[in-house]
Amino acid sequence: MHIDEIYRQIGITHEVLAFCTQVEADLKERFEKIDQTAEYNQMKVIKAMQDNQVSDIHFAATTGYGYNDLGRDTLEKVYASLFHTEAALVRPNLISGTHALHVALSGNLRPGDELLSPVGKPYDTLEEVIGIRDSAGSLKEYGVSYRQVDLLPDGSFDYDKIREAIHETTKLVTIQRSKGYDTRPTFSVGQIGELIAFIRKIKPDTICMVDNCYGEFVERIEPTDVGADMVVGSLIKNPGGGLAPIGGYIAGRQSCIDNASYRLSAPGLGREVGASLGLNTSFYQGLFLAPTVTAGALKGAIFAAGIYEKLGFPVVPGSTEDRHDIIQAVTLGSAERVIAFCQGIQAAAPVDSFVTPEPWDMPGYDAPVIMAAGAFVQGSSIELSADAPIKPPYAVYFQGGLTWYHAKLGIMMSLQKLVDKNLTEL
Ligand SMILES: *Cc1c(COP(=O)(O)O)cnc(C)c1O
């Protein structure tokens, strides 16, 4: 059978396939660059595993307190090697990216300290962690103050205001690498390095932490290669490679990691406890696959940008721009298009392809939200997923794809739904 025929059986018409195939052909050089980065990062991961003598004993499960969990301890050494840091925490009981960030912040800040974000408002869920929105148990309740310097209108760092904002009590600076679901640009690792160097010149003992969510393996270097004291992320995003069923990581300076560990478990216990419950294999294997999985997701993001740009929709980043994370925003301009797009992503999934996502009033949001995901791991956003608030400018945020071919199908199916409902013309 010709591949066009399988695509036809799965619901992609010849017209849509031909349009998308042309876009793909134009992206050949970019895809080659992405493959080269994946190859580089794959070697980095293998070297880190070899250097730490990963062996099958490390895949054994521990229970109870989890003392002497060799698999866990070695995995943490692998992460430390990979990120070129002194230590790391990589744990199933860091239950999400937000939790890992909370542990890193609350473990390293004390009453009277100030936290500074020199890159504008952090990710939504951190507002309650920090106390930007009042919340029980926030850092604010524990006497940690917060200051923020917004980016300049062009998305660059406001160095003058940052200089003014750093003072005696500034203890920790949090830098979010990815735009998340905001409209600002994502920072390159190089840019983050410049910002850290600037902060260090003003106050050398400032702890510089980077929220690394969605950024891992997109470039050849990571923020810890340019001076970050800690990087923090989620294992159901890039570094879990789609296999980690839960988890988060914090990699950085020994003192920072120790402090975080006393918050994660208990003062005095720290990193010595925390059973891995048989999850180590998925963590190792997911990390092993992460560079190529991230490359697939990146290709999907660029492919989507190429297609929707060609159809005249605003896309961020543009299809020819450099990438520093795996998130793609497409402004579709109407609720009907946003809904059709998300229904297409869902219809292309290996899991739950038969359900139709609809907008709903999610707690904490000021407009109905639609989410599409047919994931093996609930909420995993390294798997192909899309979500959008149903409000102007009707932008959809889309990310992930465990393989490039699945990402490709998802995006073609999103377009197919738009075409079927006469919401765009090829
Ligand atoms: C996803 C994300 C988080 C939070 O991670 P969760 O696992 O959803 O809690 C924090 N910061 C950024 C930039 C993210 O993309």
Side-chain angles (χ1 to χ4, degrees), residues 1-13 16-21 23-25 27-28 30-31 34-35 37-38 42 214 216-218 235-245 282 285-308 319 323 325-330 340-357 370-388 396-419:
M1 200 186 338
H2 195 271
I3 188 156
D4 291 20
E5 177 56 18
I6 302 184
Y7 273 126
R8 197 192 60 73
Q9 287 179 6
I10 220 164
I12 306 291
T13 60
V16 166
L17 184 61
F19 180 85
C20 294
T21 305
V23 172
E24 184 184 350
L27 293 171
K28 198 160 171 280
R30 291 217 62 191
F31 280 16
I34 290 171
D35 287 335
T37 301
Q42 182 75 76
Y214 288 131
E216 299 92 349
F217 300 125
V218 172
L235 298 192
I236 63 167
K237 293 179 180 173
N238 309 14
L243 295 188
S282 332
Q285 210 170 354
L287 179 65
F288 178 71
L289 294 180
T292 48
V293 169
T294 303
L298 265 179
K299 287 178 185 174
I302 293 168
F303 184 59
I307 286 171
Y308 285 96
S319 67
R323 296 271 152 167
D325 67 14
I326 63 168
I327 301 177
Q328 181 65 46
V330 182
F341 182 102
C342 289
Q343 292 180 343
I345 296 292
Q346 186 78 39
V351 179
D352 287 338
S353 63
F354 51 87
V355 305
T356 307
I370 184 166
M371 296 185 164
F376 295 100
V377 172
Q378 186 195 101
S380 166
S381 48
I382 187 61
E383 296 190 54
L384 189 63
S385 45
D387 39 61
V396 62
Y397 295 90
F398 143 92
Q399 69 271 313
L402 293 188
T403 70
W404 149 238
Y405 305 109
H406 175 227
K408 177 178 172 181
L409 174 66
I411 295 144
M412 291 202 295
M413 195 66 92
S414 72
L415 177 58
Q416 186 72 54
K417 297 284 180 198
L418 287 168
V419 170

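- To the nearest 0.5 Å, atom NE2 of residue His2 and atom CZ of residue Arg8 are 13.0 Å apart.
- Within a 6.0 Å sphere centred on CZ of Phe288, other residues, nucleotides and ligands contribute 12 heavy atoms or fewer.
- Shortest non-hydrogen contact noted between Ser385 and Ala373 is CB-CB, 4.2 Å.
- For Asp325 (side chain) and Tyr214 (main-chain N/O), no donor-acceptor pair under 3.5 Å exists by modelled atom type.
- Using modelled atom types, no side-chain atom of Gln42 and backbone atom of Thr292 make a donor-acceptor pair closer than 3.5 Å.
- Within the 4.5 Å cutoff, the side chain of Asn238 has heavy atoms near those of the Val218 side chain.
- Considering all non-hydrogen atoms of both residues, Leu418 and Ala340 come closest at CD2-CB, 4.0 Å.
- Among all heavy-atom pairs drawn from Ile370 and Pro357, the shortest one is CD1-O, 3.7 Å.
- Around the CD atom of Glu5, the shell of radius 6.0 Å holds more than 12 heavy atoms that belong to other residues, nucleotides or ligands.
- Considering only heavy atoms from C-beta on, Ile12 comes within 4.5 Å of Met413 through its side chain.
- Partners of Thr294 according to the side chain to side chain donor-acceptor pair (under 3.5 Å) rule, which considers only residues two or more places apart in sequence or in another chain, do not exist here.
- Expressed to the nearest 0.5 Å, how far OG of Ser414 lies from CD of Gln343 amounts to 11.5 Å.
- Nearest heavy atom pair, residue Ile34 against residue Ala295, reads CG2-CB, 3.6 Å.
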Run the numbers on Asp35 and Lys299 for side chain to side chain contact (heavy atoms under 4.5 Å, CB included), then give the verdict. CA-CA 9 Å; Asp35 287 335; Lys299 287 178 185 174; 2.7 Å; yes
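- The local environment of CD in Gln285 is sparse, with at most 12 non-hydrogen atoms from other residues, nucleotides or ligands closer than 6.0 Å.
- When the options Ile10, Leu17, Thr13 are evaluated for a side chain to side chain contact (heavy atoms under 4.5 Å, CB included) with Met412, the one that passes is Leu17.
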Let's go through Tyr7 and Leu409 carefully: what are the C-alpha distance in whole Å and the side-chain angles of both, what is the deciding distance for side chain to side chain contact (heavy atoms under 4.5 Å, CB included) to 0.1 Å, and is it a yes or a no? CA-CA 9 Å; Tyr7 273 126; Leu409 174 66; 4.0 Å; yes
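- What you find for Leu384 and Gly400 is that their closest heavy atoms are CD1-O, 3.4 Å.
- Results of the side chain to side chain contact (heavy atoms under 4.5 Å, CB included) test with Phe398 over Val330, Ile326, Ile411, Asp387 single out Ile411 as the only residue that passes.
- Taking CG of Leu289 as the reference point, atom CZ of Phe217 lies at 10.5 Å (rounded to 0.5 Å).
- Qualifying salt bridge (charged side-chain N to carboxylate O under 4.0 Å, His left out) partners for Asp4, counting only residues two or more places apart in sequence or in other chains: none.
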Determine, stepwise, if the pair Glu24 / Trp404 fulfils side chain to side chain contact (heavy atoms under 4.5 Å, CB included). CA-CA 12 Å; Glu24 184 184 350; Trp404 149 238; 3.7 Å; yes
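- With values rounded to the nearest 0.5 angstrom, Lys237 atom NZ is found 8.0 Å from Gln399 atom CD.
- Side chain of Tyr308 to backbone of Leu415: a donor-acceptor contact under 3.5 angstrom is found.
- Atom CD of Gln9 sits about 4.5 Å away from atom CE of Met1, to the nearest 0.5 Å.
- Considering all non-hydrogen atoms of both residues, Ala304 and Gln328 come closest at CB-CG, 4.4 Å.
- Expressed to the nearest 0.5 Å, how far CG of Leu298 lies from CZ of Phe303 amounts to 14.5 Å.
- Atom CD1 of Ile3 is surrounded by 12 or fewer heavy atoms from other residues, nucleotides or ligands within 6.0 Å.
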CA sep, side-chain torsions, deciding dist, call: Thr356, Gln346, side-chain hydrogen bond (donor to acceptor under 3.5 Å, both in side chains): CA-CA 7 Å; Thr356 307; Gln346 186 78 39; over 6 Å; no
